[in-house]
Amino acid sequence: MRERISEALREAYRRAVASGNLPDGELPSFTVEYPPDESFGDYASNIALVLASSLRMRPRDVAQRILEGMPEEPLIERVEIAGPGFINFFIKDSLWFEELRKACLMGRSYGRCENNGKRVLVEFVSANPTGPLHIGHGRIAAFGDALSRLLEWAGWEVEREYYINDVGTQMEVLGRSVLARYRELLGLEAEFPEDGYRGDYITDVAKEILKRYGRRLLELPEGEAVGIVSKEARDIILNWIREELSLFRVRFDRFFSEASLYENGKVDRVLEELESRGLLYRDEGAIWFSSSSFGDEKDRVVVRASGAKTYFASDIAYHLDKLSRGYDLLVNIWGADHHGYVKRLEAAIQALGHPKERLKVILVQLVNLLRHGKRVSMSTRAGEFAALRDVIGEVGVDASRFFLLLRRAESPLDFDLEVAKVKGEENPVYYVQYAHARISSIFKKAKERGVGLPDPEQVDLSPLTLPEERSLAKAVGTFPELVQDASSNFEPHPISTYLISLARSFHSYYNKHRVLGQKRELTEARLLLAWAIKEVIRNGLEILGVEAPEEM
RNA sequence: GCGCCCGUAGCUCAGCUGGAUAGAGCGUCGGACUUCGAAUCCGAAGGCCGGGCGUUCAAGUCGCCCCGGGCGUGCCA
């Protein structure tokens, strides 16, 4: 509907210009939005206000002249000019009520957009395979997964990818840490590496390796043993991570190994590519990429004086690989502590001849895990961390995901275990799920009384006359627009806010008015209303990856 | 020092590319179950949107300067 209004306004503007009512010129971008108060109608546009400033006319006059050019629109009840020059649109009640039929008929696809023909790759989590996931990864996982679902709803073809940093000093450190525990398990003296990973899970890994190899590793030279152990440890930990993700209902299409980029020569190749473009130089024994000529603050090392390539070097190769796979957009979701990295990567992408808009980096702020308001630490190396597995074991997948998706990505999040566990009022997940369960309970009760669900195409909706019924129907009817808005902002959290507010309106309605036991026509109409709300709640929860229970 | 994020009710946060009288939840106080599920509802109190200057018809939103908090600033990943 919103789209129709803005199209009508554009048409009205063209007509006003054609008839000489308004001077010719460029139509600046304007909005059609939901006004803050119902008395201002269903939609409001600022078109006259933005035009007024460029035309140097009085806004209300501009509004008047645009209205004179407005094409007939049968779904609009009336239009008025208000305040400083807003044009307010009052939509016919029947439009919103008709939308209820649509929601019931379309069910799981209500709110879904047509395929937009575009492919996007969402890369997220990509946690180092050096330890289990913690709650911060959980937030990124929940966010990336929900965003992927949201983009699918908005018509994108989405692939989800996890990049494994399985190269470099950290793998070496991991190997040495596990090897030390392995020796301890065999009752030998072991010097634990100073910068090693100290978590108990390292011992679990060592036990697993002991099971696979027995004492054999003791006979190998140190370097060789570390090599084997770090590879095995990588696989073991990666398997944990996969389990944790699937437990958390987070799905990936592909796990992409950094090491593979070295094995197939892609890192060398991308360096040659940069070299041939004259973007590399040597200084103090290292090789530098002149990223500063593409907007980065300084140049960056790609090959260290030792001859080892940096993480950045393989990351360039990785992104070139992704770009060459032909996506329209690459989305990278990173923890906010990587923000210093964005510019250099954009520089690399541009250096390789791609527009930097092809890449969208979303930074997710970290999570403060609390218990009774007191902070729980999560340093992997200190070995004291808030494992995602423990959190979802304690508060459940639904509550965890919902909580993590309650805030904007760039806003830090407090996650209090005790609050998330509560099954009452202060926990919005159950509030929303309860509305869903309540509706299915009404349906069950209706069935017991011999009342079936009405045929959405046949049922008469004219008994719906209450203002609450209109608002509810409108909330249902704007869900598709919400999906579009949220997806074009790459933010799933408005979905959670919306669901809470829809649930609130429904609970309030439920307490005030009865669905069953009314005159047949009224009961049927209200059943359809409840049905449509149920579909929308389920679809919204589906985007967030939260279940919609029939009973609780 | 420089860069990024954040600062809105007691607490946690919304506020859509600048729009009309700044909104929720929690918490606090007071009410509602013999009727479709009280994991619910109804009502009340609560604000100089960190501070200042600027941009304009219009600023919580944009720009500059301060203050406060977090993060980053490696030939680590």
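Here is how names work: the chains are called A, B, and so on, in the same order as the sequence lines, proteins then strands, and each is numbered from 1.
Across the P atoms, rG30(B) and rG72(B) are found 47 Å apart, a figure rounded to whole Å. Nucleotides rA59(B) and rG51(B) have their P atoms positioned 15 Å apart, rounded to a whole Å. On the C1' atoms, rA44(B) is 14 Å away from rG27(B), given to the nearest whole Å. The same atom, C1', is picked in rA22(B) and in rC66(B); the two are 25 Å apart, to the nearest Å. Comparing rA77(B) with rG15(B), their P atoms are spaced 37 Å from each other, to the whole Å. Rounded to a whole angstrom, the distance from the P atom of rA9(B) to that of rU61(B) is 15 Å. Distance check on atom C1': rG60(B) versus rC48(B) gives 12 Å, rounded to whole Å. Between rA24(B) and rC42(B), the two P atoms lie 12 Å apart (nearest whole Å).
Within a 6.0 Å radius of CZ in R58(A), other residues, nucleotides and ligands contribute 12 heavy atoms or fewer.
Side-chain contact, S487(A) with Q484(A): no donor N or O sits under 3.5 Å from an acceptor N or O. For the 3.5 Å distance criterion, the side chains of T130(A) and Q170(A) fail to qualify, holding no donor opposite an acceptor. For the residue pair E275(A) / Y281(A), no side-chain donor-acceptor distance below 3.5 Å is found, with atom types taken as modelled.
Remark: K309(A) is not positioned above the aromatic ring of Y262(A), lacking an NZ or CZ atom under 6.0 angstrom from the ring centre and at most 45 degrees off the axis. Cation-pi geometry between R78(A) and F90(A) is satisfied (NZ or CZ under 6.0 Å from the ring centre, within 45° of the ring normal).
Contacts of N46(A) with the nucleic acid, taken as non-hydrogen atoms under 4.0 Å apart, include base atoms. Contacts of Y509(A) with the nucleic acid, taken as non-hydrogen atoms under 4.0 Å apart, are absent. Base contact: A437(A) has a heavy atom under 4.0 Å from a base atom. If you check every strand for non-hydrogen atoms under 4.0 Å, S501(A) touches nothing. Using a 4.0 Å heavy-atom criterion, one finds that S441(A) contacts the bases of the nucleic acid, with or without backbone contacts as well. R58(A) comes within 4.0 angstrom of nothing in the nucleic acid, heavy atoms only. Within 4.0 Å of H513(A), counting heavy atoms only, lies at least one base atom of the nucleic acid.
With sequence neighbours left out, E394(A) forms a side chain to side chain donor-acceptor pair (under 3.5 Å) with R371(A), K421(A). Residues that satisfy the side chain to side chain donor-acceptor pair (under 3.5 Å) test with D283(A), not counting sequence neighbours, are absent from this structure. Listed by chain and number, the residues in a side chain to side chain donor-acceptor pair (under 3.5 Å) with Y13(A) amount to none (sequence neighbours excluded). A search for side chain to side chain donor-acceptor pair (under 3.5 Å) contacts involving S292(A) returns D299(A), not counting sequence neighbours.
The side chain of Y430(A) contributes no N or O atom lying less than 4.0 Å from OP1 or OP2 of rA39(B).
Rounding to whole angstrom units, CE of residue M552(A) and C1' of rU40(B) are separated by 12 Å. At whole-Å resolution of the value, CD in E491(A) and C1' in rG15(B) are 13 Å apart. Nucleotide rC26(B) holds its C1' atom 15 Å from the CG atom of L413(A), rounded to whole Å. One can place CD1 of I47(A) at 18 Å from C1' of rA58(B), the figure rounded to the nearest angstrom. Residue L49(A) contributes atom CG, which lies 11 Å from atom P of rG19(B) at whole-angstrom precision. Following rounding to the nearest Å, L405(A) (CG) and rC13(B) (P) show an atom-to-atom distance of 15 Å. I442(A) places its CD1 atom 10 Å from the P atom of rC36(B), with the value rounded to the nearest Å. Distance H493(A) NE2 to rC13(B) C1': 9 Å, rounded to the nearest Å.
Here the shortest heavy-atom pairing between S291(A) and R300(A) reads OG-CG, 3.5 Å.
Between E550(A) and K534(A) there is a salt bridge, with a side-chain nitrogen of the basic residue lying less than 4.0 Å from a carboxylate oxygen of the acidic one. Ion pairing between D195(A) and R176(A) holds under the 4.0 Å rule for side-chain N and carboxylate O.
A glycosidic torsion no more than 90° from 0 defines the syn conformation, and rC33(B) adopts it.
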Please write out each protein N/O paired with an N/O of nucleotides 30-35 of chain B under 3.5 Å, distance rounded to 0.1 Å.
| residue | atom | partner | partner atom | Å |
| --- | --- | --- | --- | --- |
| rU35(B) | O2' | R514(A) | NH2 | 2.9 |

Table of protein N/O atoms under 3.5 Å from nucleotides 6-8 of chain B N/O atoms:
| residue | atom | partner | partner atom | Å |
| --- | --- | --- | --- | --- |
| rC6(B) | OP1 | R408(A) | NH2 | 3.1 |

Extract from the structure each pairing of a protein N or O with an N or O of nucleotides 71-75 of chain B at less than 3.5 Å, listing the distance.
| residue | atom | partner | partner atom | Å |
| --- | --- | --- | --- | --- |
| rC71(B) | O2 | H339(A) | NE2 | 3.0 |
| rC75(B) | O2 | A305(A) | N | 2.7 |
| rC75(B) | N4 | E284(A) | O | 2.7 |

Check: protein-nucleotides 20-23 of chain B nitrogen or oxygen pairs below 3.5 Å:
| residue | atom | partner | partner atom | Å |
| --- | --- | --- | --- | --- |
| rA20(B) | N6 | N88(A) | OD1 | 2.8 |
| rA20(B) | N1 | N88(A) | OD1 | 3.2 |
| rA20(B) | N1 | N88(A) | ND2 | 3.1 |

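Shown here, rC26(B) forms a base pair with rG10(B); the pair counts as Watson-Crick or G-U wobble because both key distances fall under 3.5 Å. Look at rA38(B): it lacks any Watson-Crick or wobble partner with both distances under 3.5 angstrom. Both distances falling under 3.5 Å, in either a Watson-Crick or a G-U wobble arrangement, occur for no nucleotide opposite rU56(B). With both pairing distances under 3.5 Å, rG1(B) is matched to rU73(B) as a Watson-Crick or G-U wobble pair.
Taking the nucleotide of RNA chain B with the nearest heavy atom to each of V167(A) and L363(A), the more 5' of the two is matched to L363(A).
Less than 4.0 Å separates RNA chain B from no heavy atom of any residue of residues 312-320 of chain A.
In this pair, Y34(A) does not lay its aromatic ring on the base of rC16(B); centres under 5.5 Å and planes under 30 degrees do not both hold.
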Side-chain donor-acceptor distances from residues 339-349 of chain A under 3.5 Å, at least two apart:
none

Donor-acceptor pairs under 3.5 angstrom involving side-chain atoms of residues 443-454 of chain A: please list them, not counting sequence neighbours.
| residue | atom | partner | partner atom | Å |
| --- | --- | --- | --- | --- |
| K444(A) | NZ | E551(A) | OE1 | 2.8 |

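Under the 30°/60° scheme for interplanar angles, the aromatic rings of Y318(A) and Y163(A) are found to lie parallel.
For residues 518-530 of chain A, the set of pairs meeting the salt bridge (charged side-chain N to carboxylate O under 4.0 Å, His left out) definition, not counting sequence neighbours, comprises E469(A)-R526(A), R520(A)-E524(A).
Remark: the backbone N or O of R2(A) is paired with a side-chain donor or acceptor of E481(A) at under 3.5 angstrom. Under the 3.5 Å distance criterion, the side-chain polar atoms of N165(A) are left unmatched by any main-chain donor or acceptor of N128(A).
Comparing rA77(B), rU40(B), rA14(B) against the side chain of N165(A) picks out rA77(B) as the nearest.
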